[in-house]
Amino acid sequence: MLDFQPNSEAFKGKTILVTGAGDGIGKEAAKQYAQYGANVILLGRTVKKLEATYDECVKNSHAEMAIVPLDMEGATVKHYQDMATTIESQFGKLDGLLHNASLLGQLQPFGQISPEEYQQVMQVNVNATFYMTQAMLPVLKKAPHASVIFTTSTVGNKGRAYWGTYAISKFATEGMMQCLADEYSNTHLRFNCINPGGTRTNMRAKAFPAENPDNLKTPAQIMPAYLYLMDDASINTTGETLICQPK
Ligand code: NAP
């Protein structure tokens with residue numbers, strides 16, 4: 001699956017929602033889902049960036065793209081419920097949901113993490129993901145084989161000094177995925193995680209400012225796992241964490 005390539009129109013007729021679609025890994029995933037024929041719903045907080053992703057998506061696709069400007073830090077349950085209603089009326093079903101948007105927060109000693117910082121990171125990375133998933137379940141159930149992908153990190157199953165809030169949020173993300181996968185086993189819904197590994201994005205540069213980005217894979221280079229888990233080739237895969245860059 002780490003060299004997976006879908007058929008050219010593999011996602012034709014499918015609708016896929018990507019969070020954090022304006023930049024980094026989410027932007028690349030949105031472009032590739034569009035290229036393989038999906039209608040892609042681009043969710044993020046910076047409209048200009050979403051518009052740039054939109055323009056790139058429509059270059060290689062005749063499918064329908066939509067922009068949802070939403071700051072997941074302030075969004076409420078009602079926002080996600082309204083989104084689900086709109087998706088159902090516009091597209092009828094949701095075939096894929098890529099939970100990609102996240103905040104890194106500050107890397108700092110545990111004792112110095114402020115309650116505000118902790119709440120902000122947990123709100124975006126965990127709570128918003130929970131509310132969105134819950135709201136989308138009915139519209140995901142309308143798809144013949146729906147795939148929900150969560151994004152974890154190497155610190156999502158082994159804690160690391162100074163990575164407190166982010167690492168805790170990724171442990172919670174893996175836990176959420178595992179609970180859902182177990183609860184929906186033997187249904188047409190699947191839930192998995194992807195751990196992209198060190199990838200050339202703004203978030204990585206913030207975490208490792210002294211690193212040479214040229215030594216890192218680009219988002220485009222780690223896409224096979226993202227394509228595989230959205231493709232019907234993975235309909236029997238659930239409860240797994242795919243590691244894009246195994247050591
Ligand atoms: P990125 O370049 O920082 O992109 C993150 C995206 O999430 C941005 O488009 C950002 O919007 C959006 N976002 C952040 N807060 C948001 C909010 N409150 N509401 C809506 N959208 C929000 O990060 P990335 O490196 O592509 O990371 C993508 C995923 O991979 C994350 O889940 C990250 O934890 C995970 N990951 C990355 C690496 C890596 O090496 N890059 C490694 C392991 C895991 P703006 O464009 O407005 O900022």
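Below, each value reflects all heavy atoms present in this structure, side chains not excepted, and no hydrogens, waters or symmetry copies. Ligands are counted one by one from 1 in listed order, and the atoms in each one are counted from 1 as well.
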Q: Identify whether the distance between the nearest side-chain nitrogen and carboxylate oxygen of R204 and E211 falls below 4.0 Å.
A: yes

Q: Please classify the P196 to ligand 1 contact at 4.0 Å (heavy-atom distances, strictly less than): side chain, backbone, both or neither.
A: side chain

Q: Report yes if N195 has an N/O atom closer than 3.5 Å to an N/O atom of ligand 1; otherwise report no.
A: no

Q: Checking a contact table here: which protein heavy atom is nearest atom 3 (O) of ligand 1, and how many Å away?
A: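 The protein heavy atom lying closest is M203 CB, 3.5 Å.
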
Q: Using the side chain to side chain donor-acceptor pair (under 3.5 Å) rule, take Q106 and Y162 through it: C-alpha gap first, then chi angles, then the decisive distance, then the call.
A: CA-CA 9 Å; Q106 301 300 321; Y162 311 117; over 6 Å; no

Q: For atom 22 (C) of ligand 1, what is the nearest protein heavy atom, given as residue, atom name and distance?
A: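 It is A101 CB, 3.8 Å.
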
Q: May I ask you to list the atoms of ligand 1 that are less than 4.0 angstrom from any heavy atom of L70?
A: 19 (N), 20 (C)

Q: Tell me, do L97 and I16 make a side-chain contact under 4.5 Å, heavy atoms counted?
A: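 Answer no - side chains too far apart.
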
Q: Would S153 count as being in polar contact with ligand 1, using the rule that some N or O on each side must be under 3.5 angstrom apart?
A: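 No; every N/O pair is 3.5 Å or more apart.
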
Q: Flag the pair K78 and D82 as a salt bridge only when some basic side-chain nitrogen lies within less than 4.0 angstrom of an acidic carboxylate oxygen.
A: yes

Q: Using a 4.0 Å cut-off to any heavy atom of D71, which atoms of ligand 1 qualify?
A: 17 (C), 18 (N), 19 (N)

Q: Using a 4.0 Å heavy-atom threshold (strictly under), name the region of L216 that reaches ligand 1: side chain, backbone, both or neither.
A: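 The answer is neither.
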
Q: Is any side-chain heavy atom of E174 closer than 4.5 Å to one of N157?
A: yes

Q: Students should be able to answer this: which protein heavy-atom is nearest to atom 28 (C) of ligand 1, and at what distance?
A: N100 OD1, 3.0 Å

Q: Once you restrict to heavy atoms under 4.0 Å, what part of V124 touches ligand 1? Side chain, backbone, both or neither.
A: side chain

Q: Can you tell which part of R45 has a heavy atom less than 4.0 Å from ligand 1: side chain, backbone, both or neither?
A: both

Q: Can you list the atoms of ligand 1 that are under 4.0 Å from a heavy atom of G198?
A: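 The list of qualifying atoms is 40 (O).
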
Q: When only distance counts, is R204 in polar contact with ligand 1, meaning an N/O pair under 3.5 Å?
A: no

Q: Determine whether the side chain, the backbone, both or neither of K170 has a heavy atom under 4.0 Å from any heavy atom of ligand 1.
A: side chain

Q: Starting from atom 39 (C) of ligand 1, locate the nearest protein heavy atom and write down its residue, its atom name and how far away it is, to 0.1 Å.
A: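 I find the closest protein heavy atom is T199 N, 3.6 Å.
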
Q: What is the closest protein heavy atom to atom 19 (N) of ligand 1, and at what distance does it sit?
A: M72 N, 2.9 Å

Q: Applying a strict 4.0 Å limit to heavy atoms, is G74 in contact with ligand 1?
A: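 No, that is not the case, since the closest heavy atom of the residue is not under 4.0 Å from the ligand.
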
Q: Report yes if I25 has an N/O atom closer than 3.5 Å to an N/O atom of ligand 1; otherwise report no.
A: yes

Q: Quick test of your reading of the model: are K93 and E88 salt-bridged, counting only N-O distances below 4.0 Å?
A: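 Looking at K93 and E88, the cut-off is not met.
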
Q: Does any N or O atom in T152 lie less than 3.5 angstrom from one in ligand 1, N or O only?
A: no

Q: Hey, can you tell me if Y33 and F11 have their rings parallel, tilted or perpendicular (30° and 60° cut-offs)?
A: perpendicular

Q: Can you tell which part of N125 has a heavy atom less than 4.0 Å from ligand 1: side chain, backbone, both or neither?
A: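 N125 to ligand 1: no contact under 4.0 Å from either part.
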
Q: Picking from F150, Y131, F130, Y226, what satisfies ring pair (Phe, Tyr, Trp, His ring centres under 6.0 Å) with H99?
A: F150

Q: Going by the order shown, which atoms of ligand 1 are within less than 4.0 Å of some heavy atom of Y166?
A: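 This gives 33 (C), 34 (O), 35 (C), 36 (N), 44 (C) as the contact atoms.
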
Q: Determine, for E28 against K31, whether the closest basic-nitrogen to carboxylate-oxygen distance falls under 4.0 angstrom.
A: yes

Q: Measure the shortest side-chain to side-chain distance between S114 and Q119 over non-hydrogen atoms and say whether it is less than 4.5 angstrom.
A: no

Q: Walk me through it: do R190 and S234 pass the test side chain to side chain donor-acceptor pair (under 3.5 Å)?
A: CA-CA 9 Å; R190 62 195 191 278; S234 65; 3.0 Å; yes

Q: Would you check if P69 and I67 make a side-chain contact, meaning some heavy-atom pair closer than 4.5 Å?
A: yes

Q: Quick check for you: to the nearest 0.5 Å, what is the distance between T187 atom OG1 and H145 atom NE2?
A: 10.5 Å

Q: What is the ring orientation for Y184 with F191, classed by angle as parallel under 30°, tilted 30 to 60°, or perpendicular over 60°?
A: tilted

Q: Polar-atom distance check: T151 versus ligand 1, any N or O pair below 3.5 Å?
A: no

Q: Got a salt bridge between D232 and K14, using NZ or NE/NH1/NH2 to carboxylate O under 4.0 Å?
A: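 Yes.
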
Q: Could you tell me which atoms of ligand 1, counted from 1 in the order shown, lie closer than 4.0 angstrom to a heavy atom of S102?
A: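 Taking each heavy atom of S102 in turn, ligand 1 has 7 (O), 14 (C), 31 (C), 32 (O), 34 (O) under 4.0 Å.
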
Q: Would you mind running through ligand 1 and noting each atom that sits below 4.0 Å from a heavy atom of K49?
A: 45 (P), 46 (O), 48 (O)

Q: T154 vs R160, test: side chain to side chain contact (heavy atoms under 4.5 Å, CB included). Steps then yes/no.
A: CA-CA 9 Å; T154 307; R160 190 186 296 162; 4.3 Å; yes

Q: Which atoms of ligand 1 are found less than 4.0 Å from any heavy atom of T46?
A: 45 (P), 47 (O)

Q: I need the atoms of ligand 1 closer than 4.0 Å to a non-hydrogen atom of G20, numbered in the order shown.
A: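 Checking each atom against G20, I get 6 (C), 7 (O), 9 (O), 12 (C).
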
Q: What is the closest protein heavy atom to atom 8 (C) of ligand 1, and at what distance does it sit?
A: D23 CB, 4.0 Å

Q: Heavy atoms only: give me the nearest V121-T165 pair and the separation to one decimal.
A: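 Nearest heavy atoms, V121 then T165: CB-CG2, 3.5 Å.
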
Q: Checking a contact table here: which protein heavy atom is nearest atom 25 (O) of ligand 1, and how many Å away?
A: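 Here the closest protein heavy atom is T201 OG1, 2.5 Å.
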
Q: Of all the non-hydrogen atoms in the protein, which one sits nearest to atom 38 (C) of ligand 1, and at what distance?
A: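 Ranking protein heavy atoms by distance from atom 38 (C) of ligand 1, first comes G197 O, 3.9 Å.
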
